[in-house]
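Some notes on the structure that comes next.
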Amino acid sequence: MLVEKNVPLQSYNTFGIVAKALSLVRLTNEADVNAMLNDPALKAAPKFILGGGSNIVITGDVKPLVLKIEIMGKRLVSETAKAFVVEAGAGENWHELVAWTLDNGFPGLENLAMIPGSVGASPVQNIGAYGVELQDRFESLDAIDLQTGQTFTLNAAQCAFGYRDSVFKHASSSATDGGPGFGLAGRALITRVRFALPKVWKPVLGYADLDRKIAQMGEVPTTPQQIFEWICAIRRAKLPDPAVIGNAGSFFKNPTVSVEQCADIIEREPKIVHYRMDDGSVKLAAGWLIDACGWKGKSVGNAAVYDRQALVLVNKGGSQNPVTGGEVMTLAKAIQTSVYERFGILLEPEPVVV
Ligand code: EPU
């Protein structure tokens, strides 16, 4: 097994931060994972799993062994009465999978078009956009236990999906950072993910941006392809393309508060954007909170708040003069402080800080 040394990571993270992996292995299939785990030195090394690099902030050279997931493949594996079951390798690009499913007549992922990142990272984050979350289309996944080398399969319930959350984000009881926990963070390496895509397709509309697009176009979309194209257009208009301006998507989660807390905030801030959730809680738009504190366009070094969506932090120095992880985190902390001081709400960052 080839262990590469001092590998530049700038093109492996969507912020475009410059850093090195002190050692890195590329895993292209399950046999590579097993070979790595059969090497006593590699098995014992602390590890960092790198997918599409679209949800990380790198704050220095990465010392743990970087596992670069390059497991590919997209195929229809089975059909039930209600669904096509499509499987994709963890290393596949998410957006390319969405486009491929639509080209092959398997609808259902169109609202999730253009989300940066890899297939393997999609269940970790339970990615979501425009009224659809990964958990709505998830069938099962295969993973390998990095401690025992065993392969296992998890269904949706076992993944414990929540808003931008899953079992893969929580510490395991054997984690060195002090469990006890029932999670699989740092322990499960996701190899393949299967999606159940509905044979009887219904569009998921009703999200504010989509409704605006319907009004603007003067028609309701009738095919998955049309929704796909509209979502791509909506995202291009308000979110920066990481290939042009480095970023990691939404930098903070949308916070939830109780009805009472929300009523209290509304009294002081009548314009606050909020949504009632099914469980009775209220979700606040973090982008609105940050915007209301006047952060749009502000920067720390080369880390800036995107001027069209305050929830997105960007690398304004490009690849020539790139942002550092330290600048991103300093800006993020300043935003957290000002939102906390005005609204009493602590924003929780989405990306993993390495
Ligand atoms: N808003 C502002 N100012 C801003 C940004 C937003 O006032 O600078 C307001 C908007 O006007 C809107 C509300 O905040 O009323 C919500 O904004 P938006 O519809 O853009 O969605 P979001 O809550 O900011 C979430 C996801 C995105 C996903 C979109 C669309 C999170 C953390 N983010 O953003 O996901 O694409 O909804 O469904 O849940 C990601 O996670 O990386 C991501 C891009």
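Numbering of ligands and ligand atoms starts at 1, following listing order. Computed over heavy atoms, backbone and side chain alike; hydrogens, waters and symmetry mates excluded.
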How far is [atom] from its nearest protein heavy atom, and which residue and atom name does that atom have?
{"atom": "atom 8 (O) of ligand 1", "result": "A310 N, 2.8 Å"}
{"atom": "atom 15 (O) of ligand 1", "result": "V273 CG1, 3.5 Å"}
{"atom": "atom 38 (O) of ligand 1", "result": "Y130 N, 2.7 Å"}
{"atom": "atom 24 (O) of ligand 1", "result": "Q309 NE2, 2.8 Å"}
{"atom": "atom 12 (C) of ligand 1", "result": "Y275 OH, 4.0 Å"}
{"atom": "atom 9 (C) of ligand 1", "result": "W288 CB, 4.1 Å"}
{"atom": "atom 23 (O) of ligand 1", "result": "N254 ND2, 2.8 Å"}

Look at ligand 1 and say whether Y163 reaches it with a heavy atom at a distance under 4.0 Å.
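Y163: in contact with ligand 1 (<4.0 Å).
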
With the threshold set at under 4.0 angstrom, would you say R235 reaches ligand 1 through any of its heavy atoms?
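Contact present.
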
Which atoms of ligand 1 have any heavy atom of [X] under 4.0 Å away?
{"X": "R164", "value": "26 (C), 27 (C), 31 (C), 33 (N), 35 (O), 39 (O), 40 (C), 41 (O), 43 (C)"}
{"X": "A285", "value": "13 (C), 14 (O), 16 (C)"}
{"X": "S250", "value": "26 (C), 27 (C), 31 (C), 32 (C), 33 (N), 35 (O), 40 (C), 41 (O), 42 (O), 43 (C), 44 (C)"}
{"X": "A129", "value": "36 (O), 38 (O)"}
{"X": "F252", "value": "32 (C)"}
{"X": "G249", "value": "42 (O)"}
{"X": "K238", "value": "18 (P), 19 (O), 20 (O)"}
{"X": "E350", "value": "32 (C), 40 (C), 41 (O)"}

Have Q135 and N126 got a donor and an acceptor in their side chains that come within less than 3.5 Å?
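The answer is yes; a qualifying pair exists.
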
Decide whether T191 and D142 meet the rule of one side-chain donor and one side-chain acceptor closer than 3.5 Å.
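Judged by distance alone, the side chains do not pair up.
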
Cationic N near anionic O, under 4.0 Å, [X] to [Y]:
{"X": "K74", "Y": "E87", "value": "no"}
{"X": "D32", "Y": "R26", "value": "no"}
{"X": "K253", "Y": "E348", "value": "yes"}
{"X": "K68", "Y": "E4", "value": "no"}
{"X": "D264", "Y": "R268", "value": "yes"}

Are [X] and [Y] side-chain neighbours, meaning at least one heavy-atom pair lies under 4.5 Å?
{"X": "I266", "Y": "I272", "answer": "yes"}
{"X": "E350", "Y": "Q125", "answer": "yes"}
{"X": "V328", "Y": "T59", "answer": "no"}
{"X": "I214", "Y": "W230", "answer": "yes"}

For D279, does the CG atom sit with more than 12 other heavy atoms under 6.0 Å from it, leaving out its own atoms?
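More than 12 heavy atoms, drawn from other residues, nucleotides or ligands, come within 6.0 Å of this atom.
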
Please work out, at 4.0 Å between heavy atoms, whether the side chain, the backbone, both, or neither of Y207 comes within that distance of ligand 1.
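It is the side chain that gets close, since no backbone atom is under 4.0 Å.
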
Measure R308 to ligand 1 on non-hydrogen atoms and call it side chain, backbone, both or neither using the 4.0 Å cut-off.
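It is neither part, as no heavy atom is under 4.0 Å.
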
In the complex you have, is atom 35 (O) of ligand 1 within reach of the protein, judged by whether a heavy-atom distance drops under 4.0 Å?
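Looking at atom 35 (O) of ligand 1, one finds that a protein heavy atom does lie closer than 4.0 Å.
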
Is there a protein heavy atom at a distance of less than 4.0 Å from atom 2 (C) of ligand 1?
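Answer yes: something from the protein, a heavy atom, is under 4.0 Å.
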
Determine, stepwise, if the pair W295 / S338 fulfils side-chain hydrogen bond (donor to acceptor under 3.5 Å, both in side chains).
CA-CA 9 Å; W295 279 101; S338 83; 2.6 Å; yes

